Each structure stands twice: as structure tokens, then as C-alpha cells.
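The block underneath contains the structure these notes are about, expressed in C-alpha cells.
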Amino acid sequence: MPNDNVKPIPGSEILSEEAPPYTPLEGKTVLLGITGGIAAYKAADYSKKIRALGTRVIPVMTKHATEFVSPITFAALTGEKMYTDLFCVEGAETIPHIELARSADLFLVLPATANIIAKAANGLADDFLSTLLLAFSGPVLFSPSMNPAMYAHPATQANIERLKTLGYRVIEPEIGETACGDQGKGRLPEWSVVREAILKATTPQTLRGMNVLVSAGPTREYLDPVRYISNRSSGVMGYAMAMVAFRRGARVTLVSGPASIPHPPGIEICPVETAGEMEDIIGKLSQDAHVIIMTAAVADYTPAVRADRKIKKNTPELRLDLVRTNDILSQLVKSRKGRQIIVGFCAETQDLKAQAIKKIRLKGADLLIANDVSQPDAGFDVPNNRVLIVSADGDVEALPLLHKEEVGERVWDRIQDLLLQDTC
Ligand code: CTP
């Protein structure tokens, strides 16, 4: 198990470098439709965050929205000309709504009021934003936000259902206190939820029809009811593997050891604590999985005895007897179902490449992703990772320092190559 006091491998300091920002929407254009709700102020903040994903954000406001937030705010935050109505666009050479509708990869309406939802559900086009919606043929995401009574109204609910049947996507609002002080469903979701919906809507669904099982996080091996042995795994890399698969259209189940990371929307989570619990649940869930990713840092040893009561300090010394846990990855390889793809991860503090090649041969996985956890800028507790992708034939691809979600994308690209080879 990794140790807290790991020292950098001599000479490895030269690897320290800044990871480039994670910009999965590089080269894309998002139309941001802002309608007249109090959450319009949050759209200002989100517009900046969407832009940070690498995309151009073109804001389009309804007249009512401009009463909540000034158009200048959006123009400044997005660096774009502001569009508010059909006939008044400075310097336009072509019909602006058609031109905008052609150029965008996604149309996000946030906040979406009951009014715009009703109009879009019925194909009404009486202002610039609703006209643009009709002219747009790409993916559209509505993020409703309104007073809970308005949201719960049968007319609004029927309109939302109608939007879905028309092929529009709807981000479910959150339950809580809305801006008007009422409690209920109607709050604009947190940025992490909106971010995932945007990434899902703009990612080609190359894993549609695939069942993916991912394990993540540490395990806890209990000595008594209050103490356990564990490790520094945060779970972030495993969650990133799960989220990338979900964005690409897979059905994803995540078996997670204790991790303080928000639940990724759309992914089924099975929480576990011990290596034994992880082994049991993965054994069951692996039956239907096309791809299994063992990102979890499973404990190799567990106390031989788990005391029923708290161990008291009434002896000068305490020795622990530990017994080996089963190696889940090796078991999965031995009982492989058909042509399942099985991927392991390993964390090392020395001889990364040699250890990884030895491990993939020993365990028989299709790919092993190895990272050097002695580096301060990669691995535990940081958003970035620098990994080697080792294949079963001993081929090694070294990736530079990258955001963990980008590492996830690169690893999934390699898994998809293996899936393609299988179908050829
Ligand atoms: N693994 C597993 N079951 C275990 C231990 C590890 O399935 N009981 C899996 C991990 O999820 C990972 C891979 O094996 O995908 C490599 O884990 P790692 O801890 O690096 O290797 P170990 O086999 O535990 O070897 P060591 O700790 O001696 O380096």
C-alpha cells in the first residue's frame, strides 16, 4: 500500500510541469439562451465557466432576462456581441438567427422559464431566442428554474414531457429554497450538474450499448468499530473514468470505496467500505459488464480479527496480525466472461515502467495504467495525473501531465481501440 512519506524518485523533479487547462469543448460554440428568471444572475457565472471549457459562448437574452441582468455583463463575460432581438443586431451582414443556428454545437437555455418551455414545446417563435430555437438543428438543453408551484403545475410538466418527446434534453432542477423563498423543486442545479449535462450533450455516443463497471477509491479494513487501515486514494481518477464512459453513452456502475467526491449524475453508485465487500459486489456486477476498470486502491491486507469492541490501550505494545485479501483484478481475469475488456491501475513509488510491465503480465489485464505517486504534482490529492498506459504485449505509451478527466479520455480511446479490434 502507498505510504504517506514517499520521496520523489531521484531525477524525477525534471518532470514537474504545469498541466494544460482541461478544455474538452475546444473549437466548439455554445449558444446560451437566457430567459427572464431570477437565476439569470447564475447564468452570468456559468457563462464564464462554460467558456473555460474551451468553447465560444454566444449569449442570447430575452427582453425579460435583460431586466434581471444587463446584457453588457454577458457581453463582457463571454467576449461576444450580445443578441437580444431579431431586428436590432449591430453590424450583421446575414440573417443573424440562421447564421447563429448554423454555427453552434449546442443550445443551452439557462435559466429556462415556464414561458420559454411552453413556447418551445409548441413551436412558437415570437422573439429572437424562440426563433433561434426553431432554426437550430443541433442538441438543445433546457435547464428549468422557477417557483416550485409553477414547476409542479400540470401545464409545465406536460410541456416538459413534450420537450423530451421532441428530442430536447432537460436538466432536472434541484429541490431546495428558491430565490422567491419557497421550498420545493425549481432551483437551478449546481455547476457540476450543468457541466456534466453539457459535456454529455456534446460528446459523440461511441460507447452506447456498453455496460461499464468501474471501481474507485480506497478500502477500509477495520481493526475494531472505530479504527481502520486505509490508503490515500481520493477516488478522483476512478470517478473520472466513470464520467468519461457515461459521457460517451455507456451504462455505468461505479463501485466506490469511501470518497468525498460528489455523486456523478447519471451513474449508479454502489458504496462499499472493505476489500471483501468490494470483491463480493464486483463479482456479482461483473457478469454483465463489457468493460471493467479496476481503479480502486484495494487493500492488500486486512486485520485477521476485527474486534467487536474498541481496543483499549491496556498493553505497552500492540501487534496486528494481517492476512492477505483476494486480488479482485486477477480473479476477474481468471473468470473473464466472453471477450470482456479488463483494465487495471497501479500506483508505484519506484521503477514505474518495470513494475507496471511485471504487474500486467502477472495479473493478465488488457491494459494497466501506471502512475508514479511520488510526484507532488500528480496522483493523490491533486486534479492531475501523469501515467503510462501499458498494454498486454508490453507496449508502453507515456502521457504527459494531464487533468484526470483528460487521462480518462485517453485511456478510453485505447479501450475503444481494443473493442474495435474485437469486432473486426
Ligand atoms: N487490486 C485488486 N485487488 C487487490 C489489490 C489490487 O483488484 N486486493 C487491483 C487494483 O484495483 C489495481 C491493480 O490490482 O487495478 C494493481 O494494484 P496495486 O495496488 O498497484 O498492486 P498490487 O497487486 O496490490 O501489488 P503491490 O501493492 O505489491 O504493488
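Whatever order the structure lists ligands and atoms in, that order sets their numbers, starting from 1. Quick caveat: nothing in here was measured; it's all calculated off a predicted structure.
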Specify side chain, backbone, both or neither for [X], according to which of its non-hydrogen atoms lie closer than 4.0 Å to ligand 1.
{"X": "Gln355", "answer": "neither"}
{"X": "Ser330", "answer": "neither"}
{"X": "Ser215", "answer": "neither"}
{"X": "Leu329", "answer": "both"}

Between [X] and [Y], what is the shortest heavy-atom contact and its length?
{"X": "Asn384", "Y": "Lys404", "value": "O-CE, 3.5 Å"}
{"X": "Val212", "Y": "Val214", "value": "CG1-CG2, 3.8 Å"}
{"X": "Ser143", "Y": "Pro189", "value": "OG-CD, 3.7 Å"}
{"X": "Ser103", "Y": "Thr29", "value": "O-CB, 3.7 Å"}

Within the 3.5 Å criterion, strictly below it, is a donor on [X] or [Y] matched to an acceptor on the partner's side chain?
{"X": "Thr206", "Y": "Gln416", "result": "yes"}
{"X": "Thr219", "Y": "Glu221", "result": "yes"}
{"X": "Asp288", "Y": "Asn211", "result": "no"}

Under 4.0 Å from a heavy atom of [X]: which atoms of ligand 1 are those, numbered in the order shown and with their elements?
{"X": "Thr325", "answer": "8 (N)"}
{"X": "Gly344", "answer": "15 (O)"}
{"X": "Ala296", "answer": "10 (C), 11 (O)"}
{"X": "Val298", "answer": "2 (C), 3 (N), 4 (C), 5 (C), 8 (N), 11 (O)"}
{"X": "Ala299", "answer": "8 (N)"}
{"X": "Asn326", "answer": "3 (N), 4 (C), 8 (N)"}
{"X": "Ala347", "answer": "20 (O)"}
{"X": "Met294", "answer": "7 (O), 11 (O), 12 (C), 15 (O)"}

Any donor-acceptor pair under 3.5 Å linking the side chain of Gln183 with the backbone of Ile175?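 Side chain of Gln183 to backbone of Ile175, a donor-acceptor pair under 3.5 Å: no, none is there.
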May I ask whether Lys363 has any heavy atom positioned less than 4.0 angstrom from an atom of ligand 1?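 Contact check Lys363 vs ligand 1: positive.
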So which of Val333, Ile328, Val343 gets nearest to atom 2 (C) of ligand 1, if we judge by its closest heavy atom?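 When every heavy atom of Val333, Ile328, Val343 is considered, Ile328 comes closest to atom 2 (C) of ligand 1.
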Backbone or side chain, does any N or O of Phe345 fall under 3.5 Å from an N or O of ligand 1?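 Yes: some nitrogen or oxygen of Phe345 is under 3.5 Å from one in ligand 1.
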Can you tell whether the side chains of Arg227 and Asp224 come within less than 4.0 Å, N to carboxylate O?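 Salt bridge flag = yes for Asp224 with Arg227.
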Can you list the steps and then say if Ser234 with Tyr239 is a side chain to side chain donor-acceptor pair (under 3.5 Å)? CA-CA 10 Å; Ser234 62; Tyr239 278 55; over 6 Å; no
